[in-house]
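Encoded as structure tokens, the structure appears first; notes follow it.
All values reported here derive from a predicted model rather than from experimental measurement. A, B, ... follow the sequence lines: proteins, then strands. Residue 1 opens every chain.
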2 protein chains.
Amino acid sequence: MKLSTRTRYGVRAMLDLAENAKKGPLQLKIIAQRQDISAKYLEQLMAILKSAGLVRSIRGAKGGYVLAKDPNQIRLNQVFHCLEGPVTTAECVENEDYCRRTADCAVRHVWIQVRQAIEDVLQSTTLQDLTDKAKEQGMPDYQI
Amino acid sequence: MKLSTRTRYGVRAMLDLAENAKKGPLQLKIIAQRQDISAKYLEQLMAILKSAGLVRSIRGAKGGYVLAKDPNQIRLNQVFHCLEGPVTTAECVENEDYCRRTADCAVRHVWIQVRQAIEDVLQSTTLQDLTDKAKEQGMPDYQI
DNA sequence: TAATATACTACCAATTTAGTAGGAATAGCC
DNA sequence: GGCTATTCCTACTAAATTGGTAGTATATTA
């Protein structure tokens with residue numbers, strides 16, 4: 001059970017944007033450099049984040065990306081879901097009809113618990129929480 | 001973020017063994033049939049479970065598999081780990097040296113929380129818990 | 001119009017997943 | 001001993017996923 005780089009890179013990019021939320025559009029190239037992510041790959045991730053309504057883009061010279069909402073309005077589960085997809089511990093968790101046993105399957109119940117535990121953590125954390133924490137620990141902006 | 005069939009099949013096989021813990025060796029073919037798993041594939045999974053010390057095998061006619069320990073001594077995290085591998089939400093969670101920021105990285109902290117949440121659920125559930133639950137709900141043995 | 005950005009489409013190599021295939025070794029039973 | 005049932009072992013493979021790269025089109029500013 002592993003997180004994809006999509007999600008990890010995406011969260012870091014979002015956090016970089018959150019740090020710079022008040023400084024106007026931030027260019028992809030800058031984020032890519034600071035976060036050690038291939039610019040071309042990050043481009044794809046930004047497209048996903050954009051279509052999920054989490055960032056807005058400004059094209060052309062002096063363009064870049066900005067968060068679509070306040071950092072305290074963006075929860076990690078949103079970022080996670082659009083990049084990583086749903087937390088599907090098992091097919092039967094998403095789809096009740098997948099198996100005839102779903103109604104009272106003991107194993108399914110565990111997978112549901114696992115999913116819920118993950119969601120709880122992600123849902124309870126906003127980008128703001130993370131930038132606050134970073135500041136508190138005196139990290140320079142680029143070290144997110 | 002998805003569970004592999006390895007893990008899902010493996011847990012079901014283990015639970016089937018737990019249900020039949022007192023009836024002597026259970027043959028792979030029977031488990032495969034009852035659980036709708038390719039026998040040849042399950043064979044590989046049982047090899048993993050065996051080398052992890054979770055099941056024992058008896059070769060030859062009338063052979064089969066039995067749990068290596070009491071159902072209440074086998075926790076799901078053990079089964080999970082040997083089949084799914086460690087819960088590596090991010091490389092830096094396992095390996096402190098992976099990134100220069102690990103010491104106080106806010107993102108890393110979230111991934112650690114996620115991992116812990118998963119482990120807590122799995123660690124708190126034994127095979128016995130699951131078979132009890134199944135019985136409580138009056139499921140026939142084969143419907144695990 | 002030149003420079004700077006994002007947007008879009010297509011492609012690709014490596015890895016992982018979820019199996020299949022075939023036979024060797026072992027044990028019980030007649 | 002010989003037959004049968006069963007696990008054990010090794011190798012192969014098709015499909016999907018991952019983590020990119022490449023090239024071009026489009027928009028914006030100066």
Side-chain angles (χ1 to χ4, degrees), chain A residues 1-13 16-17 20 23-33 35-68 82-86 88-91, chain B residues 1-13 16-17 20 23-33 35-52 54-68 80 82-86 88-91:
Chain A
M1 202 170 211
K2 249 173 90 180
L3 280 181
S4 62
T5 60
R6 261 214 295 289
T7 302
R8 294 187 290 108
Y9 291 178
V11 169
R12 275 157 57 198
D16 205 333
L17 286 169
N20 294 276
K23 303 179 190 161
L26 185 55
Q27 284 121 43
L28 190 146
K29 197 173 24 169
I30 307 288
I31 303 176
Q33 270 169 18
Q35 301 296 330
D36 263 319
I37 301 170
S38 141
K40 275 301 199 180
Y41 188 43
L42 184 57
E43 199 177 295
Q44 291 172 49
L45 309 188
M46 294 310 287
I48 297 172
L49 291 166
K50 187 185 169 188
S51 72
L54 294 172
V55 303
R56 282 187 306 112
S57 66
I58 296 103
R59 296 178 69 158
K62 306 263 176 180
Y65 292 90
V66 291
L67 293 182
C82 76
L83 293 167
E84 188 80 20
T88 51
T89 40
E91 185 60 33
Chain B
M1 201 168 211
K2 250 172 89 179
L3 280 182
S4 62
T5 60
R6 260 214 296 288
T7 302
R8 294 187 289 107
Y9 291 178
V11 169
R12 276 158 56 199
D16 204 334
L17 286 169
N20 295 275
K23 303 180 193 163
L26 186 54
Q27 285 121 42
L28 190 145
K29 196 172 29 167
I30 307 288
I31 304 176
Q33 270 168 18
Q35 301 296 331
D36 262 319
I37 301 172
S38 141
K40 275 301 199 180
Y41 187 42
L42 184 57
E43 206 176 273
Q44 292 172 50
L45 309 188
M46 294 311 287
I48 297 173
L49 291 166
K50 188 186 170 188
S51 72
L54 294 172
V55 303
R56 283 189 303 112
S57 65
I58 295 102
R59 296 178 72 160
K62 305 266 177 177
Y65 292 90
V66 291
L67 293 182
F80 189 96
C82 76
L83 292 168
E84 188 79 21
T88 50
T89 39
E91 186 59 34

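The line from CZ of R6(B) to SG of C82(B) is 10.0 Å long, rounded to the nearest 0.5 Å. Rounding to the nearest 0.5 angstrom, the gap separating the CD atom in E43(B) from the CD1 atom in I37(B) is 13.0 Å.
Following rounding to the nearest Å, Q27(B) (CD) and dA5(D) (P) show an atom-to-atom distance of 11 Å. At whole-Å resolution of the value, CD1 in I30(A) and P in dA5(C) are 8 Å apart. Taking atom NZ of K29(B) as the reference point, atom C1' of dC8(D) lies 16 Å away to the nearest angstrom. Following rounding to the nearest Å, I48(A) (CD1) and dT6(C) (P) show an atom-to-atom distance of 16 Å. The CG-C1' distance, from D36(B) to dG19(C), rounds to 15 Å in whole Å. Following rounding to the nearest Å, L42(B) (CG) and dA18(C) (P) show an atom-to-atom distance of 14 Å. Rounded to an integer number of Å, the gap from CZ of R56(A) to P of dA5(C) is 18 Å.
Tested against Y9(A) for a side-chain contact (heavy atoms from CB on, under 4.5 Å), the candidates D36(A), L45(A), L83(A) yield a single pass: L45(A).
In this structure, the side chains of Q35(B) and L42(B) stay at 4.5 Å or more apart for every pair of heavy atoms.
For the pair Q27(B) (side chain) and G63(B) (backbone), a donor-acceptor distance under 3.5 Å is present.
Residues passing the side chain to side chain contact (heavy atoms under 4.5 Å, CB included) test with Q33(B) are K29(B), sequence neighbours excluded.
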Item to complete: List the protein contact pattern of nucleotides 17-30 of chain D with one symbol per nucleotide (5' to 3'): B for base contact, S for sugar-phosphate-only contact, - for none; contact means a heavy-atom distance under 4.0 Å.
Response: -SBBBBB--BBBS-
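For K50(B) and dC8(D), the shortest distance from a side-chain N or O to OP1 or OP2 is below 4.0 Å.
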